[in-house]
2 protein chains.
Amino acid sequence: MELTERKKKILRAIVDCYIQTAEPVGSKAIAAMPGMDVSSATIRNEMADLTEMGYLEQPHTSAGRIPSPAGYRLYVNELMEGYRLSIDETQSLNEAMELKLQEFDKVMTQVGKMVSNWTNLPAYAVTSRVGQLPTVKHFEILSAHTGSFILVVMTNTETVKNKLIKLPLNIQEQDLKLLSAVLNASLTDLSAEQITPEILSKIRKSAGAAADLVPIIVDYTVRILQEQQHSDVYLTGQMKLLGQPEYRDVEKAQEVLSTLDEEVIANLPAPTDGPVQILVGPENIAKELKDTSVVMTRFDIGDGMQGMIGVVGPTRMDYAQVTARLSYFAEGLGRMFGKNELPPAKESDGGTE
Amino acid sequence: MELTERKKKILRAIVDCYIQTAEPVGSKAIAAMPGMDVSSATIRNEMADLTEMGYLEQPHTSAGRIPSPAGYRLYVNELMEGYRLSIDETQSLNEAMELKLQEFDKVMTQVGKMVSNWTNLPAYAVTSRVGQLPTVKHFEILSAHTGSFILVVMTNTETVKNKLIKLPLNIQEQDLKLLSAVLNASLTDLSAEQITPEILSKIRKSAGAAADLVPIIVDYTVRILQEQQHSDVYLTGQMKLLGQPEYRDVEKAQEVLSTLDEEVIANLPAPTDGPVQILVGPENIAKELKDTSVVMTRFDIGDGMQGMIGVVGPTRMDYAQVTARLSYFAEGLGRMFGKNELPPAKESDGGTE
DNA sequence: TTTAGCACTCGTCATCCCTGAGTGCTAACT
DNA sequence: AGTTAGCACTCAGGGATGACGAGTGCTAAA
């Protein structure tokens with residue numbers, strides 16, 4: 001059977017309608033829509049065909065039709081009409097970005113929250129490292145006040161971390177200088193795995209009076225490098241799912257939400273190409289998510305980091321709107337992180353002890 | 001009417017039972033409990049008294065009784081039997097603490113998650129500053145590689161933050177030294193509010209070649225100070241509420257969860273005295289939370305910081321268990337943060353640009 | 001090829017009734 | 001005086017029943 005233009009038009013109308021109402025849509029409703037100039041009987045025939053072709057499903061005999069996964073797929077691939085953001089929308093988002101992202105740190109949490117609020121669905125934000133393993137580029141040791149000093153570690157990923165270390169023992173300025181030099185000489189360009197106990201003891205030997213500091217510093221350094229490697233996942237707005245009619249049943253919501261932990265998110269396939277990727281229902285990894293769809297996109301943070309934002313919602317979600325909002329958001333983030341001067345980007349946090 | 005010992009015993013039995021089953025408990029069930037050596041009729045009489053006294057309520061005529069808020073209050077105040085943590089419990093918690101808190105930063109998020117998992121309820125963790133306003137104690141400027149330098153700011157709260165700043169303009173080592181000296185001279189011991197535009201322009205005048213850097217640095221400094229002031233709230237495990245029978249209805253769950261944002265949490269009264277404070281139902285601030293209780297406790301982070309953890313759940317929650325777990329947790333955290341040497345405490349994060 | 005008409009299906013909703021848990025009261029018992 | 005057995009009464013919950021209506025598929029006419 002052939003997928004005529006009219007069939008496509010009807011399918012689109014059905015999906016559009018179902019997305020709005022979340023209820024099976026009947027032939028009459030479609031026939032009544034503006035632009036449809038055939039009778040309900042004709043629609044019925046076409047709907048029967050579409051059902052046979054696998055694009056529609058019938059929950060039960062005397063109900064209307066709902067789109068099948070294949071139907072959604074077809075819809076997002078070629079039928080969906082682009083959603084145009086209104087001026088208001090873009091404006092309010094711009095403001096929100098300016099305002100919120102000023103708060104240091106926790107940026108990705110904020111990003112997640114904003115996406116979630118804007119799409120009214122659970123959202124996630126992921127940062128991950130692309131490219132080479134993180135290594136140490138430079139150490140710096142500053143003496144603060146008596147008995148304490150600040151360790152500053154810079155990695156090849158342009159990240160700087162620091163830690164305030166307090167020690168009872170008294171170490172002289174020149175000892176710290178020596179230590180700093182030894183560390184720089186020994187650990188530069190090594191990744192976490194390459195820092196072996198042997199290296200540690202070698203450093204310790206040459207560190208002079210500050211030898212006791214070495215294990216502390218090295219431990220800290222290894223942690224930093226390890227932390228750089230693994231990607232961070234921020235998941236927020238899970239309760240937003242409860243607003244969706246398909247999750248009026250707590251059981252259902254729980255099933256999805258309990259599988260939707262950070263582990264699962266981290267394993268979601270990254271968008272391969274194109275600005276936005278959509279996973280429809282059963283295309284998802286976990287079978288518990290077979291009735292949910294994921295829309296995601298990536299953006300560039302710079303410095304070998306890459307971000308990903310996405311939302312999770314019922315298969316019946318407003319793909320056009322979500323897609324538009326998500327990509328606008330990602331674009332804004334890219335711009336924001338890309339800025340080279342005083343960006344409210346990833347920020348430092350204090351080390352306290 | 002007098003609250004005899006027997007009445008108390010019965011009330012306790014009723015609350016205990018209701019906490020377990022979440023269903024109105026009848027006279028028969030109480031009479032059948034071990035230790036009860038009177039008949040159901042007697043229990044009925046006593047229950048009628050307790051109802052009259054305001055400790056019990058009757059959902060409808062032919063149902064059993066449920067505790068009223070006053071009943072809960074009495075229960076937590078004097079009736080509740082201490083819950084003893086099993087060896088297994090303490091052990092698994094200890095392990096979890098060791099394991100999880102190694103990950104820097106996000107510590108409070110982790111804490112929140114752990115509390116939530118352990119109590120199986122939504123949990124929050126708050127950090128707040130006690131005592132004086134944060135001020136800058138010391139600046140340090142390190143030149144990294146060409147065109148970029150690292151700004152390190154130390155505050156009176158023993159917090160160290162840094163930021164990597166890249167600039168197209170070329171600034172000499174001695175200019176940075178000068179700038180650093182000027183900054184230290186001008187901004188030390190000022191709080192965010194005290195840093196006025198006048199001071200800024202004064203610094204700018206004396207900063208020589210690095211004058212253009214001044215606004216950037218000052219802005220960053222102010223942000224840090226401001227960030228130190230406000231307390232951070234981490235709320236997790238909201239969906240845990242769905243597991244509770246009283247929230248099988250999505251509407252109810254949504255009502256609570258939507259009011260339960262970080263704003264509200266931040267405004268919860270801090271525990272005044274004693275290790276654990278319990279807010280029963282209507283004692284809560286927001287009227288939407290009238291059917292939920294909050295159990296919270298505080299712990300010391302050190303360095304003028306104070307932490308608070310709490311859980312939110314139905315009025316019918318296992319206060320004894322939650323209280324025990326929460327205080328054990330807080331104790332552990334206090335120990336952990338109190339350690340003075342290489343603690344997995346608040347850590348630094350990288351500044352990237 | 002389209003459309004009107006019509007019989008048929010089946011989920012939803014309101015109604016009704018039954019059942020059983022639980023109560024309050026009274027009268028007998030200790 | 002306090003306790004207990006007995007009993008009538010109340011009322012929420014759960015199934016059964018039937019009317020209703022939205023929606024379908026088919027047929028025959030346009």
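Chain naming here is simple, since letters A, B, ... match the order of the sequence lines and numbering starts at 1 in each.
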Next item on the list: With salt bridge (charged side-chain N to carboxylate O under 4.0 Å, His left out) as the test, would you mind laying out the steps for B/Lys252 and B/Glu246 before giving the verdict?
Entry: CA-CA 8 Å; B/Lys252 285 236 169 175; B/Glu246 24 273 285; over 6 Å; no
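- Identified under the salt bridge (charged side-chain N to carboxylate O under 4.0 Å, His left out) test for residues 111-124 of chain B, with sequence neighbours left out: A/Glu262-B/Lys113.
- Sorted by first then second residue, the salt bridge (charged side-chain N to carboxylate O under 4.0 Å, His left out) pairs that include residues 26-51 of chain A, not counting sequence neighbours, are A/Arg6-A/Glu46, A/Lys7-A/Glu46, A/Lys7-A/Asp49.
- A heavy-atom distance below 4.0 Å to DNA chain C is reached by none of the residues of residues 24-31 of chain A.
- Under the 3.5 Å distance criterion, the side-chain polar atoms of B/Thr315 are matched with a main-chain donor or acceptor of B/Asp291.
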Enumerate all atom pairs, one protein N or O and one N or O from nucleotides 1-5 of chain D, separated by less than 3.5 Å.
from	atom 1	to	atom 2	distance (Å)
D/dT3	OP1	B/Arg6	NH1	2.8
D/dT3	OP2	B/Arg6	NH2	2.9
D/dT4	OP2	B/Ser39	N	3.0
D/dT4	OP2	B/Thr42	OG1	2.4

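- Using modelled atom types, no side-chain atom of A/Gln244 and backbone atom of A/Tyr247 make a donor-acceptor pair closer than 3.5 Å.
- In this structure, B/Tyr328 and B/Glu89 have side chains that are not in contact, with every pair of non-hydrogen atoms separated by 4.5 Å or more.
- Along DNA chain C, the stretch of nucleotides lying under 4.0 Å from any heavy atom of chain B spans, 5' to 3', C/dA21 to C/dG24.
- For residues 50-78 of chain A, the set of pairs meeting the salt bridge (charged side-chain N to carboxylate O under 4.0 Å, His left out) definition, not counting sequence neighbours, comprises A/Lys8-A/Glu78, A/Arg73-A/Glu283.
- The backbone N or O of B/Cys17 sits less than 3.5 Å from a side-chain atom of B/Thr21, completing a donor-acceptor pair.
- B/Ser116 contributes no side-chain N or O that, together with a main-chain N or O of B/Gly112, makes up a donor-acceptor pair within less than 3.5 Å.
- In terms of modelled atom types and a separation under 3.5 Å, the side chain of B/Arg12 and the main chain of B/Tyr75 share no donor-acceptor contact.
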